[in-house]
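Read through the structure below, which is laid out as structure tokens, and then see the notes.
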Protein chains: 2
Amino acid sequence: MKLSKTSEYALRILGFMINSEKQVFTARYLVTYLHIPDKYLRRLMTDLARNGFIKSIQGREGGYVFAKNATTIHLSEIIDAVEGMDKYTGCLLGLNNCSDDSPCSLHYAYAPIRNQVLNLLDTLTLADLKSLKIKRF
Amino acid sequence: MKLSKTSEYALRILGFMINSEKQVFTARYLVTYLHIPDKYLRRLMTDLARNGFIKSIQGREGGYVFAKNATTIHLSEIIDAVEGMDKYTGCLLGLNNCSDDSPCSLHYAYAPIRNQVLNLLDTLTLADLKSLKIKRF
DNA sequence: ATTAAATACTATCTTAAAGTAGTATTTTGC
DNA sequence: GCAAAATACTACTTTAAGATAGTATTTAAT
Ligand code: SF4
Ligand code: SF4
């Protein structure tokens, strides 16, 4: 139902970048548009770079660019990189090793929706977030 | 996608109670069956009592009983009581004042599912969690 | 070469959720 | 009356996420 702040930031940053005409993004630029704490965003950017989503260009005129084609970056990969996806596989009631045969009291009502969400995050790519209709990042 | 530990506990406790033949539940009893930290559970129980879901019976032979009919207790009310439901209305990307007219990059794919979840929590009651099939609490 | 503008690194602080400990109070059975 | 078994209350500790601060490094324009 809710991601960690860090995942939110990561998705907002990358979603913002993919919806822009720009190629290179400085931390300063991202901070002013996304209102994410400066130093926190910078750490997150190097983290995203380490994970191969973006590439950093150091020095003057530097910044960040995508490191690979956005069609190959799945949202679940981003979340997995910054906070781990594991905590979401064991779901609403925090249980794990769940199955239809040994369900918690919410399973029949919730598991189908949970699966939709997980499936969505697994199949949606950054490229899918590109749209002219987007007004908020 | 995930509730706070406290909400998980609250739902597991009440879901466990509604699926039992017992009428009165001591904290000790709940702790042994649900493996929730003793003192934490006790605090949560008095909190749930203050919120009118259960009633505490003090003294020897005491414990907790439902304070009203389980068909009148909606899951969203429980979550709202222990951690607040507000944080879930502004969804995946942590934005608020969302609408179809000013969507974030995930809106079209995610909002429908989010609405299903919120709707589920609003309409499901504790009574709906009662089933012979439940194996884990 | 020097400076300016950018990222990288490391260490620390803050905050809120979660968990723990100890004491006080209530009620019933004997 | 008193002990036993339960809940209630208050204060503290721990943990992890989030945020901040300061310094070092890299690179290009001049
Ligand atoms: S809803 Fe199903 S998958 Fe989720 S915690 Fe309950 S049993 Fe496990
Ligand atoms: S998915 Fe829709 S409702 Fe959720 S944060 Fe984005 S714009 Fe708001």
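The shown structure was predicted, so the numbers you read here are calculated from the model rather than taken from an experiment. Naming: A, B, ... by sequence-line order, numbering from 1 per chain.
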Check the distance between [N]'s [atom2] and [X]'s [atom1] and give it to me in whole angstrom.
X: B:Leu3; N: C:dA16; atom1: CG; atom2: C1'; value: 17 Å
X: A:Arg42; N: C:dT10; atom1: CZ; atom2: C1'; value: 15 Å
X: A:Arg43; N: D:dA21; atom1: CZ; atom2: C1'; value: 12 Å

## Note on the structure
Residues in residues 6-41 of chain B with a heavy atom under 4.0 Å of DNA chain D, by number, are B:Thr26, B:Ala27, B:Arg28
### Task
May I ask you to list the residues of residues 44-64 of chain A, by number, that have any heavy atom positioned under 4.0 Å from an atom of DNA chain D?
A:Gln58, A:Gly59, A:Arg60
#### Entry: Nucleic acid contacts of residues 80-97 of chain A, taken as heavy-atom distances under 4.0 Å to DNA chain C
none
### Task
State which residues pass salt bridge (Lys or Arg N to Asp or Glu O under 4.0 Å) with B:Lys22; sequence neighbours excluded, sorted by chain then number.
none
### Message
Among residues at least two apart in sequence or on other chains, which ones pass salt bridge (Lys or Arg N to Asp or Glu O under 4.0 Å) with B:Glu83?
### Response
B:Lys87
Contact list for [range], test side chain to side chain donor-acceptor pair (under 3.5 Å), sequence neighbours left out:
range: residues 103-112 of chain B; value: B:Asp100-B:His107
range: residues 41-56 of chain B; value: B:Asp38-B:Arg42
range: residues 116-137 of chain A; value: A:Ser76-A:Asp122, A:Thr125-A:Asp128, A:Arg136-B:Ser102

Which residues pass the side-chain hydrogen bond (donor to acceptor under 3.5 Å, both in side chains) test with [X], not counting sequence neighbours?
X: A:Ser20; answer: none
X: B:Asn69; answer: B:Thr71
X: B:Asn96; answer: none

### Query
Do A:Tyr33 and A:Phe16 have ring centroids that are under 6.0 Å from one another?
yes
### Task
Scan residues 37-69 of chain B for pairs that pass ring pair (Phe, Tyr, Trp, His ring centres under 6.0 Å), counting only residues two or more places apart or in two chains.
B:Tyr9-B:Tyr40
